[in-house]
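Any value given below was found using the heavy atoms of this structure, including those in side chains, with hydrogens, waters and symmetry copies removed. Lettering follows sequence order; numbering is per chain, from 1. Keep in mind that what you see is a predicted model, and the values were worked out from it rather than measured.
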2 protein chains.
Amino acid sequence: MQQLSVIDLYDKDIEDKSTVALEGSVKTIRGSKNISFIELNDGSCFRSAQIILKKDNPNFEEISKLPIASTITVEGEFVKTPDAQQAFEIHGQKVELVGHSNADYPLQKKKQSFEYLRTIAHLRPRTNTFYSVFRIRSLAAFAVHEYLQHNDFVYVNTPIITSSDAEGAGAMFRATTLDMNNLPKDDKGNVDNSKDFFKTVTNLTVSGQLQEEAFTMAFKNVYTFGPTFRAENSHTPRHASEFWMIEPDMAYTRLPGMMDCAEGLLKYVINYLLEHAKDELNFLDKNVEPGLIEKLKGTAGKEFARVTYTDAIKLLQESGEKFDIPVKWGMDLKSEHERYLCEEIYKRPTFLTDYPRDIKAFYMRDNDDGKTVAASDCLVPGIGEIVGGSEREEREDVLDQKIHEFGLKPEEYAWYAELRKYGEIKHSGFGIGFERLVMYVTGMENIRDVIPYPREPGNAPF
Amino acid sequence: MQQLSVIDLYDKDIEDKSTVALEGSVKTIRGSKNISFIELNDGSCFRSAQIILKKDNPNFEEISKLPIASTITVEGEFVKTPDAQQAFEIHGQKVELVGHSNADYPLQKKKQSFEYLRTIAHLRPRTNTFYSVFRIRSLAAFAVHEYLQHNDFVYVNTPIITSSDAEGAGAMFRATTLDMNNLPKDDKGNVDNSKDFFKTVTNLTVSGQLQEEAFTMAFKNVYTFGPTFRAENSHTPRHASEFWMIEPDMAYTRLPGMMDCAEGLLKYVINYLLEHAKDELNFLDKNVEPGLIEKLKGTAGKEFARVTYTDAIKLLQESGEKFDIPVKWGMDLKSEHERYLCEEIYKRPTFLTDYPRDIKAFYMRDNDDGKTVAASDCLVPGIGEIVGGSEREEREDVLDQKIHEFGLKPEEYAWYAELRKYGEIKHSGFGIGFERLVMYVTGMENIRDVIPYPREPGNAPF
C-alpha cells in the first residue's frame, strides 16, 4: 500500500484498483443514509480527492457525521472513473478519525466577506480564494528569485534596522529597547538616545536601495527582496504598514536596459504562474476577476509601451478627456492620468520616462536638459504604478550638489558619496512592490488580502 | 564589436583576435615604462580580465597612473594565450577613463583585518574575501528556495511586526511611532500604549513559526525565510541582533521525515555551491579555511548520524573525556559536549533527538515516556547547532495543558490553539539560522562577516 498525497493521485500514474493511503481534512461531506461522499484535502494541491464510504463500513456513522475540518486517515481502493467529472474516486475501506473539528468552525460552506476573513487570518488560508492567493504569492516570489539568479543577479539582504533614513521616503517606525515608563534623560531633560540598544536612534527601513548600491559596485547585478515599512496613517486598499519590496540594481546599465529587465521580470513571473498555478488562476478567474487569465496572457505576450513624461503630458492634454485635476507639465501624475495612459491610450503596461527632476528623488540621474531625470515608472492597467526606477546619479560632483540642493545632511550620506569617490560606475535600478504584483496576478483588490498577516494603522493582530 | 562582461570572456566562445568592449574597475595595475598590465574587474564573476596597454597608446600615461578602483572602458583585441596561466588577454586599443578613484582608497593591496573591514561595510564587498562570502550567501539563499519549492513547499511571509511574543524566545525590539519626548500617558501616569501606531505594544519578531503553522494546516508543506531579531546584549562571534531564519514546517510528518528534509536541504545547498561557486570556494579554501571544500564534500556525501539525547548522554559519560561542565541527564548540552559528539564520536553532522521536555519549548510534542519531547537538533562540526526542530504538539488537550504548565497566557495563544480545535494535524518543523549556514559553507568565523550590514549591541551604522 502506498502512503500518498492528494497531488500524487492526479500527477502520478496510480494503478487502477490499487490500494492507497491518505491523510487529510474533510472539506465537505454529503450523502444519504447508505453512502457518504467525502471531499478530502491535504493541502498538497488545490484539488481534493473524493472518498466514497458505504454503510457497511464499521465507521460509517461516526465519519459521516464529522464536522468540516476534521482530520481523518483513509485506506481505500483507487478507482479510475474516466466517464465521470472527476478522473478517479477512492472507495474507503479503513477510514479513521484523527482530530474532531468543531461545529462552530467559522469557514462553513457559505461565502464569507473578505473583511470578515481578515479577522481570522489564521484560518482563511483554508478557503479556496486564499489558498489560491497565497500559493500564487509563493510561486511569484520564487519566480522573481529564479529570473534574477539565472540572470546572474546577487541577492543582498540589506538591513531592516537602520540608522539612516534612506531617501526620506516616508514616516518610519522606531526600533527601541528603551523602557518607555522609565526613559533615560540627558542634562536638558530630553530622552538620552545614546542609552538605546544601538546607542542611537534606529528605524525600520523604507528601502534597501542605498545600502544595496554598495553591492552593485562589487557584483554588477544585485537585488534585494525583503520587508519594508511605512508608518503612515494610510487607510487605502493599496497601502500596508509592512510589505515586501524587490529592488534590482544593475551596473553599466542605462534606462533602456533597466526597462528591459523590469519587463522581462514581470513577464517571467506571469509565465511561471500560467504554467505552475493553473488550478489557482482558473479559480480566481471564475470567482475573483473574470478575464484574469486573458489579461495575464496579454501582458506576457505584448511589448510594453514606452513614452516620455513630456510626450505623455501632450497626449493627455490632446486626448479631450476631462480629468478632475488638469494636466500640466511638471505635475506628479495622479492615478486618473496614469490609468488613462495605460488603459485607454496604450491598452497595455506602459513605461513613462524622463520625469521632471523636482518631483523625483535626489539620487536619480540628471538628464542633460537640466529639467528632467532619467527615471522610469511602469504603469499597469487596473493597478497603476507597479515599477518605479531610474538611473542612479553616479557623478560624484552632481550627487554632492543634489544632496545639498535637496536639503539632505551630507554627513549622513558620506558613505554613499564614497561609492562614487572610489570609482564612478553608471548604474540603474528599480523597485517593485511585491504585493502590488501579487494583486495584479491574482485580481485581489485589497492589499490586506495578499499579505498573510497584514499590518495597518491600529491593527497588528496575531 | 561586442559589449561584453568579464564572465563572457570565460564562458562564451569568443573568437580569437576579435574586438571586444568592456567596462569595469581597475583592480591592479603593474608594468614598466613601456607596457602596463591592468587587472579589470566588473563584478560579473570572481575573476578579472588582463588588459595589456602599450606605450604607443595615446592614453597610456593617464591610464597607467590611475589609482585602484578607477573605472574605465576598454576596446581591444581578444587574444587567446593557451600557453600562459591565463587563457586570454585583451590588447587594449581604445582605453578611456570613466571615473577617477582616489589615492586614499582604503582597499589597497595589503591584507586588512576583518575588524577594520567591518567599519567600511560599504566597500568590503570589493575584496576577494567578501565578494566570495556574499556571492555564496546569495547562491545559498537561492538553493534553499529551489530545494523547498521543488519539493512543493509554499513560501509564507510571516509578519515582522507582531503583537505576540512567539515563544518567549528572547528579548525583543519594540516598534513604535510614539514621540519619546512627549509620551501620551494614561490616568495612572503610565505610557498609554493605545496611542501607539497599532494601538498596542508591538515588537519585532523572534520567529515566524507560530503564525506559519496556520499555513501548514492549509498547504501541507510551508516555509518562512526572512529576518528575525534578538535584542540581547550578546557580543559573541555567533550572535547578531538581526539575522535571517529559514523555518520549514510539514504536515503529516513526524521527526524522521523532518530530519530527512533538514538533511536533504543542507546537502542540496552544499552541492549547489560546489557546482556554482567554484572560484569563490577555491579562494576561501586557500585563504580562510584550509580544507573547506573537502569538508563540504564530506558533509554532502555522508549520511548524518542520528542518536537520542539519552544515548548521547551515556556516550559522553562513558567517553572518559574531561568536560568543564559534567554531563548529566536533563542538562542543556553545552558547546563542548555538542562538539565532542559530532567532531569526536560521530565525525559528521549529527542529529540529537528526544530531549528532556523541561529544557525545550512548550509547542514541542510530548513523547509517551512523559519525560522527553520529539525534538531534534542537528550538530555540525566546527559550528555546533545548525538546525533546531521538533514535532509540534498537535493534540488540543495536551497543548492547552502545556500552555498552562509553561506559565503562558492562554488568551494570547487562543488563535494558535484554534488551529488544533478545527482539525488536529500532526506536523513537524525546524529552523535554520541562515548566517550559521553561511558561516559553515564559507569558513568565516564571525557572524558579522557574513551579513552585509551587521547589527550588534551599540552598533548599527549605514
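Of the atoms belonging to I161(B), heavy atoms from both backbone and side chain fall under 4.5 Å from chain A. Heavy atoms closer than 4.5 Å to chain B are found nowhere in S194(A), neither backbone nor side chain. Contact of F130(B) with chain A is made through the backbone alone, with heavy-atom distances under 4.5 Å. For A231(B), the parts sitting under 4.5 Å from any heavy atom of chain A are the backbone and the side chain alike. Within the 4.5 angstrom heavy-atom criterion, only side-chain atoms of K426(A), from C-beta onward, approach chain B. For L66(B), no part lies under 4.5 angstrom from a heavy atom of chain A. For Y416(B), no part sits under 4.5 Å from any heavy atom of chain A, backbone or side chain. Interface remark: R137(B) contributes side-chain atoms only to the contact with chain A (heavy atom separation under 4.5 Å). Residue contact with chain A, scored on non-hydrogen atoms closer than 4.5 Å, involves the backbone and the side chain of E23(B) alike. Of the two parts of E213(B), neither the backbone nor the side chain holds a non-hydrogen atom closer than 4.5 Å to a non-hydrogen atom of chain A. With a 4.5 Å cut-off on non-hydrogen atoms, H122(B) touches chain A through its backbone and its side chain both. Contacts between L183(B) and chain A at a heavy-atom distance below 4.5 Å involve the side chain alone, from C-beta outward. In this structure, the portion of N459(B) lying under 4.5 Å from any heavy atom of chain A is its backbone and not its side chain. For D196(B), no part lies under 4.5 angstrom from a heavy atom of chain A. Heavy-atom distances place no part of T200(B) under 4.5 Å from chain A, backbone and side chain included. Using a 4.5 Å cut-off between heavy atoms, L123(B) contacts chain A through its side chain alone, with no backbone atom that close.
Interface remark: of the candidates K199(B), M180(B), E212(B), H100(B), M180(B) forms the most heavy-atom pairs closer than 4.5 Å to chain A. Comparing V98(A), I72(A), V26(A), N190(A) by how many heavy-atom pairs each has under 4.5 Å with chain B, the most go to N190(A). Annotation: maximal heavy-atom pairing with chain A below 4.5 Å, among T73(B), T176(B), V222(B), T177(B), occurs at T176(B). Among G99(A), P159(A), P454(A), the residue with the largest count of heavy-atom pairs under 4.5 Å with chain B is P159(A). Contact count versus chain B (heavy atoms, under 4.5 Å) is highest, among N221(A), V154(A), T216(A), for V154(A). Heavy-atom pairs under 4.5 Å with chain A were tallied for S241(B), S70(B), A121(B); the largest tally goes to S241(B). Between chain B and the options P461(A), P106(A), P452(A), heavy-atom pairs under 4.5 Å are most frequent for P452(A). Each of T202(B), L419(B), I425(B), D152(B) has some count of heavy-atom pairs under 4.5 Å with chain A, and the biggest count is that of L419(B). Comparing D42(A), L178(A), N157(A) by heavy-atom pairs within less than 4.5 Å of chain B, the highest count is held by N157(A). Here P227(A) is the residue among S25(A), G189(A), P227(A) with the most heavy-atom pairs under 4.5 Å with chain B. The residue among E242(B), M217(B), R124(B) with the most heavy atom pairs within less than 4.5 Å of chain A is E242(B).
Taking the six-membered ring wherever Trp is involved, the centroid distance between the rings of F134(A) and F215(B) falls below 6.0 Å. Taking the six-membered ring wherever Trp is involved, the centroid distance between the rings of F153(A) and F142(B) does not fall below 6.0 Å.
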Subject >> Chi angles and distances behind the side chain to side chain contact (heavy atoms under 4.5 Å, CB included) call for D104(A), Y422(B) >> reply: CA-CA 9 Å; D104(A) 64 350; Y422(B) 301 122; 3.1 Å; yes
**OP:** Check the pair F173(A) / F173(B) against side chain to side chain contact (heavy atoms under 4.5 Å, CB included), numbers first and verdict last.
**Re:** CA-CA 11 Å; F173(A) 293 99; F173(B) 292 99; over 6 Å; no
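Across all non-hydrogen atoms, the minimal contact from G43(A) to K220(B) is C-CB, 4.1 Å. In terms of heavy atoms, P125(B) sits closest to A214(A) at CG-O, 4.5 Å. Closest heavy-atom contact between F462(B) and Q211(A): O-NE2, 3.6 Å. Shortest non-hydrogen contact noted between A460(B) and S163(A) is O-OG, 2.6 Å.
Considering CD of Q149(A) and OG of S138(B), their distance stands at 4.0 Å, rounded to 0.5 Å. Atoms CH2 and OH, on W415(A) and Y453(B) in that order, are 5.0 Å from each other to the nearest 0.5 Å. The distance from atom CD1 of I160(A) to atom CH2 of W244(B), rounded to the nearest 0.5 Å, is 6.0 Å. Taking OG1 of T158(B) as the reference point, atom CD1 of I451(A) lies at 12.5 Å (rounded to 0.5 Å).
Under a 3.5 Å cut-off, the side chain of Y155(A) and the backbone N or O of A141(B) do not form any donor-acceptor pair. Distance alone, capped at 3.5 Å, is enough to place a donor-acceptor pair between the T71(B) side chain and the E424(A) backbone. At least one donor-acceptor pair closer than 3.5 Å links the side chain of N181(A) to the backbone N or O of V191(B).
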